[in-house]
Participant: 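Encoded as structure tokens, here's the structure I'll be asking about.
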Amino acid sequence: MEFGIFNSLYVPHQVTDGVPDPQAVQHERLMDEITWTKAADRSGFKYTWATEHHFLTEYSHLSANESFLAYLAGVTDRIHLGSGIFNITPPVNHPARVAERVAMIDHLSEGRMEFGVGRGSSSTEQKGFGIQDPELTKLMVDEVFPEFKRMWSTTDYRFDGEYFSMPPRNVLPKPYTDPHPPLWIAAGNPSTFEKAARMGVGVLCFAMGAPDMLKGLVEIYKNTIDQAEPVGEYVNNNVMITSQMLCLNDGQKAREISCDMNGSYQNSLVFHYLDTFPKPPFVPEWPQEIPDPTLEQIEQGVQVGASIVGTPDDCAYGLQKWADIGVDQIIMGPSGSVYPDELLERSIKLFGDEVIPRFDTDEEHSTSRYRAAAAERLR
């Protein structure tokens, strides 16, 4: 099982209230994300995933993740740089521009780009770009996603579709890697997990819960992937799950800190903005907030694998439950909290030193192996 971190530029009011210059705080949060990613790169994390969101005050100010990832390419060495996601609906991003950005980041990082796609999860975003019917975004993704392989493999690309069209053009640059970066798609329910497997792409699962709750989705994917008809040149057999992590030598201190990290406020914003997500019955109507967890709830989460919190042994205990259901990659979300920088860097280093080696002893990224096998086959 491999590991990564998640970048979202979460700027809750708790860090800007009473501050003379809130924009300065936003800048500091952005630079903090770079600091955490560099720490993860040094500590054996293999991936970082940067989201793309628009107009979602507090929840995520990371609207230009292609710029963020391009910057990271120059200040990191080994970590792969993932779009989690690039919105590929044509009203938001023209597909040819997406293909160009992915290829450019692949060059700047010398082959470390991971291309994750999605359709956006919020009517606030979709309507901001003129998409009035969220159901249309599914059709847009179905039309667009298979076209990237063609854009990267021909010098005379043309397309006449329902949601975008273009005359014959050479989409440049072509990717650095042969044949192209690994493909992923955001998914959170049984039908999208199965669809991702049939397309032969990795799953970016941003669902919240314990391993037992997501076990069925992973099984659907793994039982279907052998029947894939890939939209790319190769199958990327990968399930990624997101979680929160705080790893300290003092396990009790880690639990206490996790009770007051503003993570529940972020979860409240998830269900406020991302209205295409099903809302569990325990989530109150906005502006009421999900309460911060108690120590007892944190401990319950540790025991079932929903909270990767505590000592290295505690974290490994919870992670084993994810490994047992077949998850390939766990992504930790430090940016979804208000932890101090020093604490996060210490946690990332300890996790990298003492937890990652228990699960990931392979120097090579799994996606690099899939891609290299395809390059050999296609020669």
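In this chain, numbering begins with 1 at the start of the sequence shown.
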Participant: Are side-chain N/O atoms of N267 and S264 paired as donor and acceptor at under 3.5 Å?
Facilitator: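 Result is no, nothing qualifies.
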Participant: Which of these, N7, T76, D32, sits in a side-chain hydrogen bond (donor to acceptor under 3.5 Å, both in side chains) with T37?
Facilitator: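 Single pass found, and it is N7.
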Participant: Work out which heavy atom in A197 is nearest to a heavy atom in I225; give both atom names and the distance.
Facilitator: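 A197 and I225 have their closest heavy atoms at O-CD1, 3.6 Å.
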Participant: Closest approach of W152 and A99, non-hydrogen atoms and distance?
Facilitator: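 The pair with the smallest heavy-atom distance is NE1-O, 3.2 Å.
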Participant: S307: what forms a side-chain contact (heavy atoms from CB on, under 4.5 Å) with it, not counting sequence neighbours?
Facilitator: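 Partners of S307 by the side-chain contact (heavy atoms from CB on, under 4.5 Å) criterion, ordered by chain and then number, come out as V302, V309.
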Participant: Go through R119 and E125 one step at a time and tell me if the salt bridge (charged side-chain N to carboxylate O under 4.0 Å, His left out) criterion holds.
Facilitator: CA-CA 10 Å; R119 60 190 183 92; E125 296 176 287; over 6 Å; no
Participant: Assert yes or no for the condition that the ring centre distance of F271 to F282 is strictly below 6.0 Å.
Facilitator: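 No, they do not, as the ring centres are separated by 6.0 Å or more.
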Participant: Please work out which of the three classes, parallel, tilted or perpendicular, describes the rings of Y265 and Y10, given edges at 30° and 60°.
Facilitator: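 Rings of Y10 and Y265: tilted, 30 to 60°.
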Participant: Tell me if a side-chain donor or acceptor on D77 pairs with a main-chain N or O of D41 at a distance below 3.5 Å.
Facilitator: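 Pair absent, no side-chain N/O of D77 close to backbone of D41.
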Participant: Identify the heavy atoms of M245 and C247 that sit nearest to each other, and give their distance.
Facilitator: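 Smallest heavy-atom distance, with atoms named: SD-N, 3.5 Å.
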Participant: Given Y273 and H53, is the ring-ring contact (aromatic ring centres under 6.0 Å, His included) satisfied, shown in steps?
Facilitator: CA-CA 11 Å; Y273 281 126; H53 281 303; 8.9 Å; no
Participant: Please check if V11 and M31 belong to a single hydrophobic cluster, counting links between Ile, Leu, Val, Met, Phe, Trp and Tyr side chain heavy atoms closer than 4.5 Å.
Facilitator: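 Yes, because V11 and M31 connect within a single hydrophobic cluster, where side-chain heavy atoms sit under 4.5 Å apart.
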Participant: So, do I88 and M140 sit near enough that their side-chain heavy atoms are less than 4.5 Å apart?
Facilitator: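 Heavy-atom side-chain distance check fails, nothing below 4.5 Å.
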Participant: Assess whether a salt bridge exists between D313 and R358, defined as any Lys/Arg side-chain N lying under 4.0 Å from an Asp/Glu carboxylate O.
Facilitator: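 Looking at D313 and R358, the cut-off is met.
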Participant: If we count only N and O atoms by modelled type, under 3.5 Å, do the side chains of Q300 and E296 hold a donor and an acceptor together?
Facilitator: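 Distance-only check fails for Q300 and E296.
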Participant: Quick one: does any side-chain atom of H272 pair with a main-chain N or O of Q266 as donor and acceptor, under 3.5 Å?
Facilitator: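 It does not hold such a pair.
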Participant: Hey, what do you get for CZ (R112) to OG1 (T48), rounding to the nearest 0.5 Å?
Facilitator: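 With rounding to 0.5 Å, CZ (R112) is 11.0 Å from OG1 (T48).
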Participant: Would you tell me whether N93 and E52 have side-chain atoms, one donor and one acceptor, within less than 3.5 Å of each other?
Facilitator: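 Note: N93 and E52 side chains meet the donor-acceptor criterion.
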Participant: According to a 4.5 Å side-chain heavy-atom criterion applied to Ile, Leu, Val, Met, Phe, Trp and Tyr, with indirect links allowed, do V98 and Y157 form part of one hydrophobic cluster?
Facilitator: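 Yes, same cluster.
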Participant: Ignoring hydrogens and angles, write down the donor-acceptor pairs under 3.5 Å from the side chains of residues 317-329, residues two or more places apart or on other chains.
Facilitator:
{"unit_1": "Q320", "atom_1": "NE2", "unit_2": "D324", "atom_2": "OD1", "d": "2.8"}
{"unit_1": "W322", "atom_1": "NE1", "unit_2": "G305", "atom_2": "O", "d": "2.9"}
{"unit_1": "D328", "atom_1": "OD1", "unit_2": "K222", "atom_2": "NZ", "d": "3.4"}
{"unit_1": "D328", "atom_1": "OD2", "unit_2": "K222", "atom_2": "NZ", "d": "2.7"}
{"unit_1": "D328", "atom_1": "OD2", "unit_2": "V239", "atom_2": "N", "d": "2.8"}
{"unit_1": "Q329", "atom_1": "OE1", "unit_2": "W49", "atom_2": "NE1", "d": "2.8"}

Participant: Run the salt bridge (charged side-chain N to carboxylate O under 4.0 Å, His left out) test against E135 and tell me which residues pass, sequence neighbours left out.
Facilitator: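 Checked E135 against salt bridge (charged side-chain N to carboxylate O under 4.0 Å, His left out); matches are K138.
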Participant: If you compare all heavy atoms of L30 against all heavy atoms of L9, which two are closest, and at what distance to 0.1 Å?
Facilitator: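 Looking at all heavy atoms of both residues, the closest pair is N-CD1, 3.4 Å.
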Participant: Within a strict 4.5 Å, meaning less than it, do heavy atoms of the S258 and Y339 side chains meet?
Facilitator: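 In contact.
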Participant: So does R198 pair up with E194, basic N to acidic O under 4.0 Å?
Facilitator: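 A salt bridge is present here (some side-chain N lies under 4.0 Å from a carboxylate O).
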Participant: Can we call the ring centroids of F129 and H54 under 6.0 Å apart?
Facilitator: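 Yes: the rings meet the under 6.0 Å criterion.
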Participant: If only atom types and distance count, is the side chain of S60 paired as donor or acceptor with the main-chain N or O of S8 below 3.5 Å?
Facilitator: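 Present.
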Participant: How long is the span from the CG atom in L108 to the CG atom in L72, to the nearest 0.5 Å?
Facilitator: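 The distance works out to 11.5 Å.
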Participant: Do R29 and E33 meet the salt-bridge criterion of a basic N to acidic O distance under 4.0 Å?
Facilitator: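 Not counted as a salt bridge, because no side-chain N and carboxylate O are separated by less than 4.0 Å.
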Participant: Judged by atom type as modelled, is there a donor-acceptor pair below 3.5 Å linking the side chain of E147 to the main-chain atoms of F159?
Facilitator: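 The answer is no, because no donor-acceptor pair under 3.5 Å joins these two groups.
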Participant: Could you tell me which non-hydrogen atom of L295 sits nearest to which non-hydrogen atom of C259, and how far apart they are?
Facilitator: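 Closest pair (atom of L295, atom of C259, distance): N-SG, 3.6 Å.
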Participant: Is the count of non-hydrogen atoms from other residues, nucleotides or ligands lying under 6.0 Å from E229 atom CD greater than 12?
Facilitator: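 Count not over threshold, so no.
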Participant: What do the steps show when you test N238 against E2 for side-chain hydrogen bond (donor to acceptor under 3.5 Å, both in side chains), and what is the final call?
Facilitator: CA-CA 10 Å; N238 256 302; E2 298 176 307; 5.2 Å; no
Participant: So, D156 side chain and R158 main chain: donor-acceptor pair closer than 3.5 Å or not?
Facilitator: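 No.
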Participant: Minimum heavy-atom separation for S165 to H94, with atom names?
Facilitator: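 S165 and H94 have their closest heavy atoms at O-NE2, 4.4 Å.
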Participant: Between D178 and R379, does the salt bridge (charged side-chain N to carboxylate O under 4.0 Å, His left out) criterion hold? Intermediate values first, please.
Facilitator: CA-CA 10 Å; D178 182 18; R379 283 197 182 109; 5.1 Å; no
